[in-house]
Amino acid sequence: MNEYKMQNYNDFMKSLDKTVIDSMDSIESWDRSAKIVPFNSRAYSDKLHETADKLQDLTGELFGCALELALAGKWRDWDNEQPIGTIFEFTEEMLCDTGDKNVDMLMDAYFKVKEVNDLFFFVTSDSF
């Protein structure tokens, strides 16, 4: 980079730094006056983690409810034929194909909560 371009670049970066710092100062004073908790505060980060944990639990609950409903309804005969102690791994795909509208609704809710949970996991992995 020639000297002229380097000087322009340096001037630009200094002006950008000043603009960002000025903006941050005004945002911080606005936050204090509005009593808004900054995104990067420890309390907010703790609540994000707590919420992500609750969403994770909720996805498990929804999956379990859909499975129990399928086993009590559409899959009852199959379930009764299984020997006690049989281990079987149920998948999301299986529960989406039961033919039971109530199971379908639970799985819709499961996928929506899972999507939000994935976003929370992404956000909380970058915080404190």
Side-chain angles (χ1 to χ4, degrees):
M1 192 178 291
N2 70 31
E3 189 175 319
Y4 175 75
K5 287 183 179 177
M6 182 58 89
Q7 182 59 41
N8 283 344
Y9 174 79
N10 289 336
D11 290 343
F12 170 75
M13 292 306 290
K14 285 178 188 174
S15 70
L16 182 62
D17 287 345
K18 180 171 177 14
T19 303
V20 169
I21 290 169
D22 290 346
S23 298
M24 289 174 65
D25 288 343
S26 63
I27 289 170
E28 288 172 5
S29 63
W30 179 79
D31 284 349
R32 282 191 298 275
S33 66
K35 298 185 190 300
I36 292 176
V37 178
F39 176 74
N40 61 353
S41 75
R42 172 59 70 186
Y44 191 85
S45 177
D46 290 347
K47 284 296 176 188
L48 274 177
H49 282 43
E50 183 181 317
T51 302
D53 290 343
K54 287 179 181 179
L55 288 170
Q56 182 65 37
D57 293 344
L58 183 56
T59 57
E61 289 290 322
L62 288 168
F63 189 89
C65 289
L67 177 59
E68 290 173 6
L69 198 57
L71 291 172
K74 294 283 189 170
W75 293 350
R76 183 179 51 202
D77 293 339
W78 175 86
D79 185 43
N80 290 334
E81 293 171 0
Q82 301 309 306
I84 295 175
T86 299
I87 297 174
F88 191 86
E89 186 174 335
F90 294 95
T91 65
E92 295 168 345
E93 292 79 20
M94 294 167 91
L95 285 170
C96 289
D97 193 26
T98 64
D100 183 324
K101 296 280 184 198
N102 292 315
V103 173
D104 292 345
M105 285 189 297
L106 285 170
M107 290 306 292
D108 286 344
Y110 165 83
F111 284 114
K112 288 176 184 172
V113 171
K114 186 177 178 190
E115 180 182 352
V116 172
N117 185 48
D118 291 345
L119 292 172
F120 266 73
F121 178 77
F122 177 74
V123 169
T124 58
S125 67
D126 288 339
S127 58
F128 295 96

Please report the interatomic distance [atom1]([X]) to [atom2]([Y]), rounded to the nearest 0.5 Å.
| X | Y | atom1 | atom2 | answer |
| --- | --- | --- | --- | --- |
| T59 | D118 | OG1 | CG | 8.5 Å |
| L106 | E68 | CG | CD | 10.5 Å |
| D77 | L71 | CG | CG | 11.5 Å |
| Y110 | L67 | OH | CG | 11.5 Å |
| L55 | L62 | CG | CG | 10.5 Å |
| M107 | K114 | CE | NZ | 8.5 Å |

Counting only heavy atoms not in E61 (residues, nucleotides, ligands), do more than 12 fall under 6.0 Å from its CD?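 For E61, atom CD is not crowded (no more than 12 foreign heavy atoms under 6.0 Å).
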Can you give me the closest heavy-atom contact between [X] and [Y], atom names plus distance?
| X | Y | result |
| --- | --- | --- |
| N102 | D100 | N-OD1, 2.8 Å |
| F90 | F63 | O-CZ, 3.8 Å |
| A52 | N117 | O-OD1, 3.2 Å |

Under a 4.5 Å cut-off applied to non-hydrogen side-chain atoms, are W75 and V103 in contact?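 The answer is no, as the side chains (C-beta and beyond) never meet within the 4.5 Å cut-off.
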Looking at L58, D57, D108, which one forms a side chain to side chain contact (heavy atoms under 4.5 Å, CB included) with V113? L58
Test of understanding: clusters of I, L, V, M, F, W, Y form through side-chain heavy atoms closer than 4.5 Å, transitively. Do V116 and F111 belong to the same one? yes
Determine, for E115 against K112, whether the closest basic-nitrogen to carboxylate-oxygen distance falls under 4.0 angstrom.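 Salt bridge: no.
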What residues, two or more places apart in sequence or in another chain, satisfy side-chain hydrogen bond (donor to acceptor under 3.5 Å, both in side chains) together with K74?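 Not a single residue meets the side-chain hydrogen bond (donor to acceptor under 3.5 Å, both in side chains) criterion with K74.
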